[in-house]
Amino acid sequence: MLFRVFSGMFQVGRRPPLIRGCFLWSFLILFFLDDMLIYPHKTTTMQSLSTAVSRGYVWHISGVVRADRFLNLEAKFASLYSTEISPALRYERKKVGIAGARFFAHPAHRSPHLFWWLLLTEGVHPARECEQGLARVTDPKNRLLYASEFELVQTPHEGSAPRWTWRLQPQKVEAWHDEIRLAIRHRKDERAVQRVIMRYYRLPGFRGVREQIAGLRRFTVGEWIRAKRARECPYLPKRMPPYVRFGGAPGVQAEIIVNRLLEGLPPFTDEMKFQTATKAQAPYIEAESEWGEVDA
């Protein structure tokens, strides 16, 4: 890790103002670095992003990077923006007006790429000058996204302040409508609608997404009545899917994930994905490969 950070420090053309003239400070920070870990579940990564935003990391920029370039990107952000220092050191820097920075990543499951997100708190920070496209998470035109599928939004909550949650982007809801409509009208394989229902039932269980799943249920019923002239769809479960909380899965070192992708392997082994999974979580973990991927 230290070698990659040193390489990142000297590969960058110019140092940002906060680091210029403070090389000794940058050098000392190296000994407070935490190795970057990547969670084996997309849902856990999304939870971590929303938690960071709720704790004040309200500026963001994100992208997709090829696996063979990811470790250099990680080293660059660690050296220039102190993304991998300990929480204690971030707190000390906050007291003198320096913004905190967090770096998150998750691999695509069907291509050798990784999604990445850089989040900042309020305060002075070199990324404000160096990174074009930083936006506030509250900007409706520049929402924090997971792939091109989910967006982080703030929604009212009865009896308390608004809360952050994930939801499908509007165009993805329309895509689900099209898929449901097509499945119900598939005369040769009526069970096609059952497969579609099981897929949207296993979307990540954030409050915003669950509200949309309820909407997809209503849409399924309406289309079934319209196409089949029958009031009850036999393939639609009587109840909403249960709420399944993810958590506790240990992260995996970024270098291990990158090496697996470069070797043409899935980013995580089954042991990594399922070692702490409950019986209720297992089908949702399995279904994560079906959503949140790099667009073709």
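Numbers for residues simply follow the sequence, beginning at 1.
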Under a 3.5 Å distance rule, please check whether [X] uses its side chain to pair with a backbone N or O of [Y] as donor and acceptor.
| X | Y | value |
| --- | --- | --- |
| N259 | E255 | yes |
| S82 | I85 | no |
| T165 | G208 | yes |
| K42 | W291 | yes |
| R167 | E151 | no |
| W166 | M46 | yes |
| R210 | P241 | yes |
| Q212 | L168 | yes |
| K228 | I184 | yes |
| T44 | Y39 | no |

Going from [atom1] on [X] to [atom2] on [Y], what distance comes out if it is rounded to the nearest 0.5 angstrom?
| X | Y | atom1 | atom2 | value |
| --- | --- | --- | --- | --- |
| R136 | R143 | CZ | CZ | 13.5 Å |
| E288 | E293 | CD | CD | 10.0 Å |
| L152 | W164 | CG | CH2 | 5.5 Å |
| F103 | S62 | CZ | OG | 10.5 Å |

Specify the closest pair of heavy atoms between [X] and [Y], including all atoms of both residues, with the distance to one decimal.
| X | Y | result |
| --- | --- | --- |
| L134 | R128 | CD1-CA, 3.8 Å |
| A52 | L119 | CB-CD2, 3.9 Å |
| Q281 | T276 | OE1-O, 3.8 Å |

Verify side-chain hydrogen bond (donor to acceptor under 3.5 Å, both in side chains) between E131 and Y81, making sure each step is shown before the conclusion. CA-CA 11 Å; E131 299 296 329; Y81 304 152; 2.6 Å; yes
Does a donor on one side chain and an acceptor on the other come within less than 3.5 Å for [X] and [Y]?
| X | Y | result |
| --- | --- | --- |
| T220 | Y200 | yes |
| S111 | H113 | yes |
| S148 | Q169 | no |
| E232 | W224 | no |
| R207 | T155 | yes |
| Y201 | R217 | yes |

Fit a plane to each ring of F115 and Y146, take the angle between them on a 0 to 90° scale, and name the class: parallel (under 30°), tilted (30 to 60°) or perpendicular (over 60°).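 Taking Y146 first and then F115, their aromatic rings sit tilted (interplane angle of 30° to 60°).
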Compute the ring centroids of F219 and W176, then answer whether they are less than 6.0 Å apart.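 No: the rings miss the under 6.0 Å criterion.
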Quick one: are the ring centres of H106 and F268 less than 6.0 Å apart?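 For H106 and F268, the ring centres are under 6.0 Å apart.
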Between K95 and E92, is a salt bridge (charged side-chain N to carboxylate O under 4.0 Å, His left out) present by the stated rule, with each step listed? CA-CA 5 Å; K95 291 195 293 187; E92 291 300 318; 3.4 Å; yes
Testing R202, R110, R199, R195 one by one against E290 for a salt bridge (Lys or Arg N to Asp or Glu O under 4.0 Å), which residue passes?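 The salt bridge (Lys or Arg N to Asp or Glu O under 4.0 Å) with E290 is passed solely by R199 among R202, R110, R199, R195.
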Indicate yes or no: does E223 engage R226 in a salt bridge with an N to O separation below 4.0 Å.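 Between R226 and E223 there is a salt bridge, with a charged N closer than 4.0 Å to a carboxylate O.
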